[in-house]
J.: 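Sharing a structure, written as structure tokens. Questions coming.
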There are 2 protein chains.
Amino acid sequence: MKKTSTPYHHGNLRKALLEIAVELIREKGADALTIREVARRAGVSHTAPYRHFKDKASLLAAVACEGFEMMVKETKERFSEIAHDTLARLRVCGIAYMEFAIHNPARYRIMFGSGRPHIKNSALRKASEASFGLLLECIKECQKEGTARPGEPMEMALAAWSIVHGFSMLFIDNQIRENSLFAADRKSMMDMVVNNLYTGFRI
Amino acid sequence: MKKTSTPYHHGNLRKALLEIAVELIREKGADALTIREVARRAGVSHTAPYRHFKDKASLLAAVACEGFEMMVKETKERFSEIAHDTLARLRVCGIAYMEFAIHNPARYRIMFGSGRPHIKNSALRKASEASFGLLLECIKECQKEGTARPGEPMEMALAAWSIVHGFSMLFIDNQIRENSLFAADRKSMMDMVVNNLYTGFRI
DNA sequence: ACCTGAACACCGTTCAAGT
DNA sequence: ACCTGAACACCGTTCAAGT
């Protein structure tokens, strides 16, 4: 009756822990993410997670890392669905970013979590830079084709990142929705954001 | 030897607790903000704070509230220092916002803290709306004078808020500085942000 | 009114010990 | 290798009791 994986060993505890962590945050908020509760749900002792993650911060870093990878993947999928139009791609870059944040608020908050204790995690850094790189490339392509004004691409990417990140944060923290000052729905608010960045305030 | 305030009663515990809370976050990060540690530093039992704040979230809400009031005050002070130039005021609105965030990162993070548990606090909401109102008025004035393009002011204010909030968050979470992709200093990065919003990406 | 101390039900982390 | 249980030093919150 012995298989390669026994009932005693959990098989893929690491993966299970990550899934449970996200579940937990989604269900009960960031404060409910407790290493002991994750272990409980996994049916494992509260010290078992320490075999897979150095500490709580490392668990959070892993969740964040997955998040950036998901974001990049989703954005690329959208790219392949549209014609090769540089401006459309730039727009998709922003929209996909905000939609990811809004659809995965718990995870997104961890990705940019307070006090960034886990930023020195190198896998996480690499994943986050890949996401930024996508944006940067889009801007450069637009400039090459003449659909965006000339200018330092890095500066423009920073502005673009700021606006989509700012909107996402404000939205998921209910700083916008509950204000009731904004009548518009999600979709049109996201359009507003990218349109305003493209058009600017100048006359 | 009896004065109006005895050594037994603390006098102004509430105020002291708020100050200590900010100190604590600045020194040791958000995780170190513990109601027990605040009480310890105030030289008071760990349950005394509950006389002044319903729970930890209420303490945080009070800290956040003070923050918005400080931000509005600082922005208005800058207004009075410059000529009455609508566009300059709009710019100052953004710069003052980002500078407040960067100079008070701990407090700023609480103001937009994860999971907004205290947003239903009405004093906090009022203070935050006052800050947004300032921005909204600036935009309307610019439109009246023809220094900003026409358009729904609310939408434009949301875009402006998003970009300065996004930049502030990215900066204080070291998502920008440690990237080392950006050679620029604080001051010129903030200029970049407002310039990009004003100019836009269009040709 | 304002403050205290004990108590309760939790945490994260460590470490010797088990299979 | 992987997991457990007890232990340590903490939390937030409640509540009867003191001045």
Side-chain angles (χ1 to χ4, degrees), chain A residues 1-21 23-25 27-64 110 113-118 121, chain B residues 1-21 23-25 27-64 110 113-118 121:
Chain A
M1 267 341 203
K2 280 189 209 150
K3 301 223 172 176
T4 53
S5 99
T6 73
Y8 179 71
H9 290 309
H10 195 287
N12 206 339
L13 182 54
R14 189 192 144 92
K15 184 153 201 162
L17 293 172
L18 284 176
E19 277 166 20
I20 292 168
E23 240 175 60
L24 214 42
I25 297 165
E27 280 176 29
K28 316 205 168 187
D31 285 352
L33 178 54
T34 229
I35 229 161
R36 285 173 108 109
E37 178 63 20
V38 171
R40 230 172 268 132
R41 292 210 183 185
V44 108
S45 91
H46 66 273
T47 60
Y50 287 89
R51 287 295 122 202
H52 301 274
F53 302 99
K54 185 178 138 283
D55 53 19
K56 195 180 176 182
S58 294
L59 205 182
L60 292 178
V63 171
I110 287 177
S114 47
R116 85 264 71 133
H118 38 55
N121 182 302
Chain B
M1 273 329 204
K2 280 190 210 150
K3 301 220 170 181
T4 53
S5 102
T6 74
Y8 179 70
H9 288 307
H10 194 288
N12 205 341
L13 183 54
R14 190 193 143 91
K15 185 151 201 161
L17 293 172
L18 284 177
E19 278 166 20
I20 291 167
E23 240 175 60
L24 214 42
I25 297 166
E27 280 175 30
K28 315 202 167 190
D31 285 352
L33 178 55
T34 230
I35 231 161
R36 286 173 108 110
E37 178 63 21
V38 171
R40 231 172 268 132
R41 292 209 182 185
V44 109
S45 90
H46 67 274
T47 59
Y50 287 89
R51 288 294 120 202
H52 300 275
F53 303 100
K54 185 177 138 282
D55 52 21
K56 193 180 176 183
S58 293
L59 205 183
L60 291 178
V63 171
I110 288 177
S114 47
R116 87 265 72 129
H118 38 56
N121 181 303

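Lettering follows sequence order; numbering is per chain, from 1.
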J.: Quick one: do B/I35 and B/T47 satisfy side-chain contact (heavy atoms from CB on, under 4.5 Å)? Show the steps, please.
T.: CA-CA 8 Å; B/I35 231 161; B/T47 59; over 6 Å; no
J.: What's the CZ-P distance between B/R51 and D/dA17, to the nearest Å?
T.: 15 Å
J.: What's the closest nucleotide to the A/T47 side chain, out of D/dT13, D/dA6, D/dC3?
T.: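 Side chain of A/T47 sits closest to D/dA6.
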J.: Between C/dG12, D/dC11, C/dT14, which nucleotide has the shortest distance from any of its atoms to the side chain of B/R36?
T.: D/dC11
J.: Expressed in angstrom and rounded to an integer, what is the separation of B/N12 atom CG from C/dC2 atom P?
T.: 11 Å
J.: Starting from P on C/dC3, measure out to CD1 on B/I35 and report it in whole angstrom.
T.: 14 Å
J.: Between A/D31 (CG) and C/dC10 (C1'), how many Å, whole number?
T.: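 Those two atoms, CG and C1', are 13 Å apart.
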J.: How long is the line joining CZ of B/R14 and C1' of C/dA1, in whole Å?
T.: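 That distance rounds to 16 Å.
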J.: By nearest heavy atom, map B/E37 and A/A48 onto DNA chain D; which one lands nearer the 5' end?
T.: A/A48
J.: In whole angstrom, what separates B/F53's CZ from D/dG12's P?
T.: 14 Å
J.: Considering Watson-Crick and G-U wobble pairs with both distances under 3.5 Å, what does C/dT13 pair with?
T.: D/dA7
J.: In whole angstrom, give the distance that lies between atom NE2 of A/H52 and atom P of C/dG12.
T.: 17 Å
J.: Using the side-chain heavy atoms of B/K56, tell me which of these nucleotides is nearest: C/dG12, C/dC3, D/dT13.
T.: D/dT13
J.: Tell me what A/T34 touches on the nucleic acid: a base, only sugar-phosphate, or nothing, going by heavy atoms under 4.0 Å.
T.: sugar-phosphate
J.: State plainly whether the residues B/E23 and B/R41 are in salt-bridge range, i.e. N to O under 4.0 Å.
T.: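 Result for this pair is yes, salt bridge flagged.
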J.: Show, in sequence, the C-alpha distance, side-chain angles and deciding distance for B/R51 and B/L13, and conclude whether the side-chain contact (heavy atoms from CB on, under 4.5 Å) test is met.
T.: CA-CA 9 Å; B/R51 288 294 120 202; B/L13 183 54; 6.0 Å; no
J.: Atom CZ in A/R40, atom CD1 in A/I20: separation rounded to 0.5 Å?
T.: 12.0 Å
J.: Mapping A/R40 and A/K54 onto DNA chain C by nearest heavy atom, which one lands closer to the 5' end?
T.: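 Per heavy-atom nearest nucleotide, the more 5' residue is A/R40.
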J.: What nucleotide, of C/dC3, D/dT13, D/dC3, holds the atom closest to the side chain of B/H46?
T.: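 So the side chain of B/H46 is nearest to D/dT13.
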J.: Round to the nearest Å and state the distance from A/L59 atom CG to C/dG12 atom P.
T.: 10 Å
J.: Once you apply the 3.5 Å cut-off to both distances, tell me the Watson-Crick or G-U wobble partner of D/dT19, or none.
T.: C/dA1
J.: Do you know which of A/L60, A/L18, A/V38 makes side-chain contact (heavy atoms from CB on, under 4.5 Å) with A/F53?
T.: A/L18
J.: A/Y50 side chain: which of C/dC3, C/dG12, D/dC3 is closest?
T.: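 Given the options C/dC3, C/dG12, D/dC3, the side chain of A/Y50 is closest to C/dG12.
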